[in-house]
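Here the structure comes first, spelled out in structure tokens, and everything after it is commentary.
The chains referred to below are lettered A, B, ... by the order of the sequence lines, with proteins before strands, and numbering in each begins at 1. Since we're looking at a predicted model, the values are computed, not measured.
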Protein chains: 2
Amino acid sequence: MSSIKSIARDLGVSTATVSNALSGKGRVSDELARRIREHAGKVGYHPSPAARALKTGRSGILGLVMPNLTNPLFPRLAHNIEAAADSRGFGVLIADSRSDAAGQAAAIERLVRRGVDGIVIVPHRGTRVTETDVPLAVINAASDPANTVSADHRQGGRLAAGLLMDMGHRRFLLAGEDPRSEVQQDRIAGAAECLARRGGTGHRVCWTSEAAPDLLAALAGGVTAIVTSTDLLALKLLSEAQTLDIAVPGRLSVIGFDNLPFGEHLRPSLSTIAPDVPEIAHRALSYLDARLSGAAEIPPPSVVPMIAIQRDSTGLPQERPVTDPARSVS
Amino acid sequence: MSSIKSIARDLGVSTATVSNALSGKGRVSDELARRIREHAGKVGYHPSPAARALKTGRSGILGLVMPNLTNPLFPRLAHNIEAAADSRGFGVLIADSRSDAAGQAAAIERLVRRGVDGIVIVPHRGTRVTETDVPLAVINAASDPANTVSADHRQGGRLAAGLLMDMGHRRFLLAGEDPRSEVQQDRIAGAAECLARRGGTGHRVCWTSEAAPDLLAALAGGVTAIVTSTDLLALKLLSEAQTLDIAVPGRLSVIGFDNLPFGEHLRPSLSTIAPDVPEIAHRALSYLDARLSGAAEIPPPSVVPMIAIQRDSTGLPQERPVTDPARSVS
DNA sequence: TTGTAGGCGTTATCAA
DNA sequence: TTGATAACGCCTACAA
């Protein structure tokens, strides 16, 4: 491999000069700098990351820890984190929490041992992130005190409910999957908050990880719309509705969260509340970057608004006429 | 940070002795070795990856290149590659091909620059992987000459068709999404091969990336079963069938590929042909490991059998009685 | 069995 | 403007 030293030898100059010419730091005459750069290009010189890391104490690598890499959100997040990291000159090393708190601690440990400069972590449900030697950007939910940046799940919940109320829905079922998830809690809470504020005529909340909620009972209770805490649960409900011959969105509107890839392939396609993942990735990286470069001001924890994607699983309620949203505020 | 040097100083021994004691290579008296290890533990010593990489020329890091990190297969592959890599002491750096050949070359380049020891790559559809300085494990399809290890997509295709023939189906629609994909080509070809061999009474192949195939026309043509090249397409068809009130699996059986996460949440749940991802990851890593450790024999390219997962979207054809599979071989 | 010393490729300090 | 030199932390002949 060609090194700074071999270039120095080839050109009969010192390594320091080569280093300066290539990095543009020290003063080197334009003419010599040009010759050095040219030669470096010719021999295909690339600095050794190991040597640089050893000298500078920085690896230029960030870690990404996910609760479970088969988490459906992982691909999009990985995609955006990688892009954001790359544009700042960082590489991304992945690690899997293996779905438990111990695994999460181990994953962080492994990354730190590998010399990452910082870590982006999506913590496992219901865990507190353990402190480390390197800066940590936590992507979770506003209600997690350790949170660095996240989607505004609560606002997302309001958005989902609000959008359905705008269409005229008044009786809701709010369906979550796992009550230990702060993310899902916030989403359901946001929806409930919107209903309370705008005078929905009552709603039920149910948490169910296995079976789908009893749709027929819900319909009998006058429910015309369901807000689910994730697209996967929405999928379950949509399928259930179709086998029960409940028309969607005619008889029942359903909305999910996360904008998982299958949503647009469903028939009816799934309306959903999508996290602004590029923005989240951007902020997580800005945060780490600020901490790593010793910036005077570190970005404070922040939440990123979610985005409504209306597709075909939501529509006007059949039973009653569309009411003017303005009038319906009790 | 504690280093080999600081430990040597603390204990009044030489750095070489510490290094030997910790690595167990050179001869060090048991007693001294014990003291050194104990002290190392106490001060929380961990070797510097940068220094070790600089000295040994190996980073202990592998790259993982995907055509697009939002590819639905990515999570499971990343999960298993990371696990397999970790158990061999490697970390995994991700890179995104940004969905084109140029991006793919750039991704490889970036990883090599970062000093990875080897790369696992899932090539972009229809591209040939460019040669590099580091060993490359290619995960694609047997029909790609550069392939290192892959699922046996062709056998998977036979499996899908065979399983449906066992149930008594005879007329098939084989539906693919992208004919440029070697993977999908192999799957469809495998299914066709099985039908030809076992005397299906004819089948149509269609390639469609946007609209779903015309189900009514297919049914009119006597089709009772559809083999799709991916679960996403199967999902589209299932949804389509439900809106057209075509009973699945009563009137029509549908099977997909890849065992994507949503499949089990559908109603009816989706039968699928699943790649044995843990085994594929294992072999990809064995291959790289062999090449990196200069092993005498490098594992030859190999294909890993796919696994049938029968759920509820496949069943006996309605029209005709179940025929004995043995008798049905023409 | 233990210690000395050199070097991996960079960066940075200080002289020239 | 340029060069000599010393680290960074580790490994490994080779010498004691």
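- The structure places CG of B:L292 at 10.5 Å from CZ of B:R88, a figure rounded to the nearest 0.5 Å.
- The pair B:R114-B:E109 does not meet the salt-bridge criterion, since no charged nitrogen lies less than 4.0 angstrom from a carboxylate oxygen.
- A donor-acceptor distance shorter than 3.5 angstrom exists from the side chain of B:S29 to the backbone of B:L32, with no hydrogens or angles considered.
- Side chains of A:R291 and A:Y287: a donor on one and an acceptor on the other come within 3.5 Å.
- A donor-acceptor pair is defined here as one N or O able to donate and one able to accept, closer than 3.5 Å; no such pair exists between the side chain of A:D258 and the backbone of A:L260.
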Protein-proximity profile, nucleotides 8-16 of chain D, B/S/- by nucleotide at the 4.0 Å heavy-atom cutoff, equals BBBBB----

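- The distance from the CD1 atom of B:I108 to the CZ atom of B:R113 is 13.0 Å, given to the nearest 0.5 Å.
- Of all nucleotides in DNA chain C, those with any atom nearer than 4.0 Å to a heavy atom of chain B start and finish, going 5' to 3', at C:dT1 to C:dG9.
- For the residue pair A:S59 and A:D117, a side-chain donor N or O sits within less than 3.5 Å of a side-chain acceptor on the partner.
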